[in-house]
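When a ligand or atom number is given, it counts from 1 through the structure's own listing order. Nothing fancy with the numbering, it's 1 onward along the sequence.
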Amino acid sequence: MAKNEQTAENAQLKDIIAHAKEYGFVYPSSEIYDGLQAVYDYGAYGVELKNNLKRLWWETMTRLNDNIVGIDAAIFMHPTTWKASGHVDSFNDPMIDNKDSKKRYRADVLIEDKAAAYENAGDKERAQQLLSAMGRLLEAEDLAGVRDLIVNEEIKCPISGTSNWTDVRQFNLMFSTQVGSVAEDASTIYLRPETAQGIFVNFLNVQKTARMKVPFGIAQIGKAFRNEIVARQFIFRMREFEQMEMQFFVRPGTELDWYKQWAETRMKWHKALGIPEEKLRRHDHEKLAHYANAAMDIEYQFPFGFKEVEGIHSRTDFDLKSHQEYSKKKQQYFDPEINQNYIPYVIETSIGADRLFLMTLCNAYVDEEVDGKQRTYLKFHPAVAPVKAAILPLTKKDGLPEKAHEIVEALKYDFNIIYEEAASIGKRYTRQDLIGTPFCIAVDHQTLEDNTVTIRHRDTTEQERVAIADLHGRLAEACSFRRVFERV
Ligand code: ATP
């Protein structure tokens, strides 16, 4: 990316962050105390959008697939869980400090940014060579080699502009705390860094009690916590975030077919939500995690470049086998079709609710000039829009508010509706555009005569006259998850 292009992209992110704050989507956490780095709160419209996205994911998983069920496991888990999963020993990021600015960076991210700069300058080969060299060094845990790479590539600290780097060290990303009130009895436990392990330790409980047969999946939405070294890019990288993960248990040997299938299904899901094909790409991992035999990311072109939104991993039988070893409890499944016991292999789909939120917001944000006037609106898919319709009486008198309230009453049990009577109708339309309400329903004097209203469509600003009796059906049709599902 050329420098001026980069500045424009950063300006776009800044606009989106400012919009998110000003119109009730996302605020810095505990802002009155100047915030807490990499922690954010969702506001009135943000929480609606996030809930809709979570519900859409949940229902895609559990309703469109009769072999997937959900669970809700606790955030705290027995500490041995994280020994077995490998997180205590190896959930590390390589970090490096600049001695002049005293700023800390992730060594791999510095190198990836350099590779992206080569790629943007048209030197794909050099970018690839650099990434491969980094992959080899990290694989060999050669941290001195990673530092040499940073120095040889003349990577500088963006703050101090110098290459005065410390050694590269490993940093464990798990937060720990104590359970138990008496100091001597207290033991260290962790805030889960991923939701997946809550699924693995419940594999047999769910399989037996929900009478599932392999292949089957378990889905979960929940908080996860990582002490990220570098927190940046708004809600892209948070220390407290939410994951939506699904572990799909399959017969050993069939995992790579299922991996392929899930990769395609998940890519389709993003497109069905209205993300343009050219803004999505698939990134196959070269360096595989210790548990995987295939892995890829679905990346979205954020204002700061293509970045991971969702990971799809073929996790082999690593997790269940390891829990079997540590817990000494068999994690086997008896497959009646082939008359065999085995530990299933697992395909995981893992997406952050907050990253999905950011992608949806970036994709929806439109700031355009129409007839010499600037117009900003959020073009959310109606199925996930925080507010589905605003009911707006043209004036505050002549019985129009009463009529408008009748309409609210008829719709509010099925749709999130806003009623607003203050300010001119134009201003009220603008306000709804800014929070992405797909339909504005105006109640005027004609409404009192013939029970019709005007619907104003957010994206086109076109208006049409519709009978009140048809409103419920029209909204239900436009906002139904079916609109998204039928494209998956
Ligand atoms: P990254 O390389 O960006 O650190 P990761 O590969 O460690 O991500 P996974 O462990 O595969 O991520 O987690 C699965 C998903 O969880 C990611 O695709 C992302 O959507 C989300 N996620 C992970 N870490 C964070 C975070 N710190 N803040 C917000 N979302 C996150």
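- Remark: ligand 1 and V309 share an N or O pair separated by less than 3.5 Å (distance only, no angle test).
- Between H87 and W82, the two ring planes are perpendicular [angle over 60°; tilted spans 30° to 60°].
- Closest to atom 29 (C) of ligand 1, if we only count protein heavy atoms, is F236 O, 3.3 Å.
- For ligand 1 and E310, the ligand atoms under 4.0 Å from any heavy atom of the residue are 18 (O).
- Among protein heavy atoms, atom 4 (O) of ligand 1 sits closest to R237 NH1, 2.8 Å.
- Among protein heavy atoms, atom 28 (N) of ligand 1 sits closest to M238 N, 2.9 Å.
- Using a 4.0 Å cut-off between a side-chain N of Lys or Arg and a carboxylate O of Asp or Glu, E255 and R315 do not qualify as a salt bridge.
- Per-residue contacts place E228 under 4.0 angstrom from the following atoms of ligand 1 (heavy atoms of the residue considered): 24 (N), 26 (C), 27 (N).
- Using a 30° and 60° split on the angle between ring planes, F175 and F225 fall in the perpendicular class, above 60°.
- You'll find the ring centres of F234 and F236 outside the 6.0 Å limit.
- For a threshold of 3.5 Å applied to N or O pairs, the pair formed by G352 and ligand 1 contains at least one separation below that value.
- Classification of the H313-Y291 ring pair by plane angle, with boundaries at 30° and 60°, yields perpendicular.
- One side chain, Y42 or D354, offers a donor N or O that lies under 3.5 Å from an acceptor on the other.
- The side chain of R106, and not its backbone, has at least one atom closer than 4.0 Å to an atom of ligand 1 (non-hydrogen atoms only; side chain from C-beta on).
- Contacts of D297 with ligand 1, taken as heavy-atom pairs under 4.0 Å, are absent altogether.
- Ring to ring, Y300 and F306 are not that close: their centroids are 6.0 angstrom or more apart.
- For the pair A383 and K388, the tightest heavy-atom approach, listed with the atom from each and the gap, is O-NZ, 3.1 Å.
- Atom CH2 of W57 is separated from atom CE of M244 by 6.5 Å, given to the nearest 0.5 angstrom.
- For H313, every heavy-atom contact with ligand 1 shorter than 4.0 Å involves the side chain, none the backbone.
- With hydrogens left out, the protein atom closest to atom 16 (O) of ligand 1 is Q243 NE2, 3.3 Å, a heavy atom.
- Looking only at protein heavy atoms, the nearest one to atom 17 (C) of ligand 1 is E308 OE2, 3.3 Å.
- When every heavy atom of L138 is checked against every heavy atom of V146, the shortest pair comes out as CD2-CG2, 4.0 Å.
- Protein heavy atom closest to atom 14 (C) of ligand 1, with residue, atom name and distance, is S350 OG, 2.9 Å.
- Counting protein heavy atoms only, atom 22 (N) of ligand 1 is closest to F241 CE1, 3.5 Å.
- Here the heavy atom of the protein found nearest to atom 23 (C) of ligand 1 is R226 NH1, 3.5 Å.
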